[in-house]
Amino acid sequence: MNDSEKLLDLIEKLDNSSVLCVGDVMLDKFVYGAVSRISPEAPVPICRVASETEMLGGAGNVARNLAEIGVAVKFISVVGDDEAATKIRCLVNEVDKIAPEIIEELGRQTTIKERFFAGSQQLLRLDREDYKDVGKDVSKQIFTCVKEALKSVGALLLSDYGKGVLSPDNIQKLIKLAKASNCPVVVDPKGSDYRCYSGATVITPNRRELSEASRCEIDDDDGVTTAAKLISNEYGIENVLVTRSAEGMTLVSGNSVDHLPAEALEVFDVSGAGDTVAATLAAGLAAGGDLLVSSQIANIAAGIVVGKTGTAVATANEIVETLQRQDLIYLTECKIVSLEAAEAQVEKWRNGGDKIGFTNGCFDLIHPGHLSILAKSRGACDRLVVGLNSDVSIRQLKGKSRPIQTEDSRASIMASLASVDLVVLFSEETPIKLIETFKPDVLAKGADYAFNDVVGADFVQAYGGKVLLIDLEEGHSTTKTIERLVR
């Protein structure tokens, strides 16, 4: 099973897994508007409000991320007795797959983070929150709920935002409870003192947090590795997964170090990306995945959410679609090879009993006629190699106005087709060198060629190969298409 298959196999198992999430829930509020002038009262912009939204933040966003990728979530947190707490309960109840235990503590301020935007520019953030640790009675309620939940979950996720739910004592007690149940513990840490996370299976600091906790300057891969190992050894934390923004992630597990490249195509908003990483990592472990595969899924999920605005989530379908897109790119790149690499690959296929086919052409503007020839050529063999005229050779054959598409574009399109197994560019006037190198079992061309005009036909037949002339689809021609466009 290759890496992609391992990831897809694990994603399929998420539906049958469950995670216990404990941490600081928040209410995230977003106010969107437009700024066209400065206030006459003070040198500040006037924002005309257009819309407002509210969503779960903090550990609530972690729980929402878990639910969106298909995991059953047992969610434990603490709120005050106020309007924000009521709103949080409503938002939690709107999310399928979350079973909440939202504990109320009288006199506590439910955490609210309110952000104001003009277009895509954030103008201001207002925080309303308590920092004090929850009381002993609330802690007892948390432990009671956790002990019951640990009987039926595959991982414990501690989402520490430093708002009092996860005091150092509470964290240590929760880790010990999970360890006694053979349940892996994932921690999204806070602060610079990681002693309270001792015994955790894996923590997920970002680069800045790791630098502060390790008291090390981090400038490169080696710096990340050194700091992560220091944290692991000093505090007895089994593994460290470091999120590194545009540089991806680094997983340090004992003496093993894996650098995972960033997956984002375009970054719009990094809000909540850490939540997504912790949630997806915990989900993978709960579903029985190993740490590296779970980290790879978390890396893909993070790349998805930073391409969205607000505290967004990545769904299982989005992760699968990203994997499939990556597979297509990888397969396409692997199919475009040099003559020497193609010769070696053809030899492997032939030794394995495969019948080798070959066809060639410019394939400047792919049309149904091309697709038909390629499909029928592939149907007559086990592996089809396509010789593709380079830009230089096309100009020699068809004039300075051709090709319409560059050789790189044409090669990528050809390689993306299921009927094509290899693409080899050639600059000579004819593909005879390729034919003599590959010695195909089947040489295919369109039936607009007479047998005597097919380059390499005599050579192929001399050793017992077959020359296949394929009927053309009526009404399809690159040259005529270009003429119509010009007219």
Side-chain angles (χ1 to χ4, degrees), residues 18-28 55-69 71-79 88 91-92 95 97-103 110-113 127 129-131 133-134 138-139 142-143 145-146 149-150 153-168 170-175 177-178 183-191 194 196-197 199-206 209 213 237 240-241 243 270-286 294 298 301-302 305 311-314:
S18 59
V19 172
L20 169 59
C21 176
V22 184
D24 303 290
V25 70
M26 307 174 189
L27 181 63
D28 276 351
M55 59 184 64
L56 293 170
N61 187 51
V62 176
R64 191 164 69 100
N65 270 272
L66 286 163
E68 289 292 343
I69 57 174
V71 175
V73 189
K74 296 183 185 295
F75 179 45
I76 301 171
S77 191
V78 179
V79 295
I88 284 173
L91 290 170
V92 170
V95 182
K97 293 209 159 197
I98 295 183
E101 288 288 348
I102 307 297
I103 300 167
T110 302
T111 301
I112 305 171
K113 291 187 177 181
D127 289 1
E129 58 193 3
D130 267 346
Y131 288 102
D133 293 343
V134 296
V138 170
S139 293
I142 292 173
F143 298 142
C145 294
V146 167
L150 284 172
V153 299
L156 168 62
L157 171 50
L158 302 180
S159 179
D160 189 0
Y161 272 84
K163 309 304 179 191
V165 173
L166 295 173
S167 66
N170 284 355
I171 291 170
Q172 270 300 292
K173 289 177 182 177
L174 292 172
I175 290 174
L177 284 173
C183 183
V185 181
V186 177
V187 179
D188 190 1
K190 188 74 174 179
Y194 284 6
C196 58
Y197 305 129
T201 307
V202 56
I203 61 171
T204 61
N206 60 37
E209 292 168 336
I237 297 166
V240 181
L241 177 63
T243 59
V270 297
S271 300
D275 295 340
T276 300
V277 170
T280 316
L281 179 64
L285 295 176
S294 300
V305 298
T311 47
V313 298

Close side-chain approach of Thr201 and Val186, heavy atoms under 4.5 Å: no
Over all atoms of both residues, closest heavy-atom pair of Ile98 and Ala67: CG1-CB, 4.0 Å
Donor-acceptor under 3.5 Å (Glu209 side chain, Asn206 main chain): yes
Minimum heavy-atom distance between Thr276 and Ala301, given as atom pair plus value: CG2-CB, 3.6 Å
Separation of Leu174 CG from Gln172 CD (nearest 0.5 Å): 9.5 Å
Side chain to side chain contact (heavy atoms under 4.5 Å, CB included) between Val153 and Val19, intermediate numbers included: CA-CA 5 Å; Val153 299; Val19 172; 5.8 Å; no
Side chain to side chain contact (heavy atoms under 4.5 Å, CB included) evaluation trace for Leu281 with Leu241: CA-CA 9 Å; Leu281 179 64; Leu241 177 63; 3.9 Å; yes
pair Asp188-Asp160: side-chain heavy atoms closer than 4.5 Å: no
Trace of the side chain to side chain contact (heavy atoms under 4.5 Å, CB included) decision for Tyr161 with Thr111: CA-CA 10 Å; Tyr161 272 84; Thr111 301; over 6 Å; no
Residue pair Asp275 / Asn65, side-chain donor-acceptor N/O under 3.5 Å: no
Where Gly23 and Ser77 come nearest, the two heavy atoms and their spacing: O-OG, 2.6 Å
Residue pair Val165 / Val138, side-chain heavy-atom distance below 4.5 Å: no
Atom pair CG/CG of Leu56 and Asn61 - distance to nearest 0.5 Å: 7.5 Å
Test side chain to side chain contact (heavy atoms under 4.5 Å, CB included) applied to Leu158 and Ile175, step by step: CA-CA 9 Å; Leu158 302 180; Ile175 290 174; 4.1 Å; yes
From Cys21 atom SG to Lys74 atom NZ, the distance as rounded to the nearest 0.5 Å: 13.0 Å
Heavy-atom pair of closest approach, residues Ala283 and Ile69: CB-CD1, 3.5 Å
Student check: side-chain heavy atoms of Val79 and Val25 closer than 4.5 Å: yes
Side chain proximity check, Val146 to Ile76, heavy atoms < 4.5 angstrom: yes
pair Phe75-Arg64: side-chain heavy atoms closer than 4.5 Å: no
Gap between atom CD1 of Ile203 and atom NZ of Lys190 - 0.5 Å precision: 14.0 Å
Contacts of type salt bridge (charged side-chain N to carboxylate O under 4.0 Å, His left out), residue Glu129, not counting sequence neighbours: Lys163
Separation between CD1 of Ile88 and CE of Met55, rounded to the nearest 0.5 Å: 13.0 Å
Sidechain-backbone polar pair: Tyr197 side chain, Ile171 backbone, donor-acceptor under 3.5 Å: no
Nearest heavy atoms of Asp24 and Gly162, plus distance in Å: OD2-N, 3.4 Å
Spacing of Lys173 atom NZ and Ile142 atom CD1 [to the nearest 0.5 Å]: 11.0 Å
Closest non-hydrogen atom pair, Gly284 against Ser294: C-OG, 3.2 Å
4.5 Å side-chain heavy-atom contact, Val95 and Leu91: no
Residue pair Val202 / Leu285, side-chain heavy-atom distance below 4.5 Å: yes
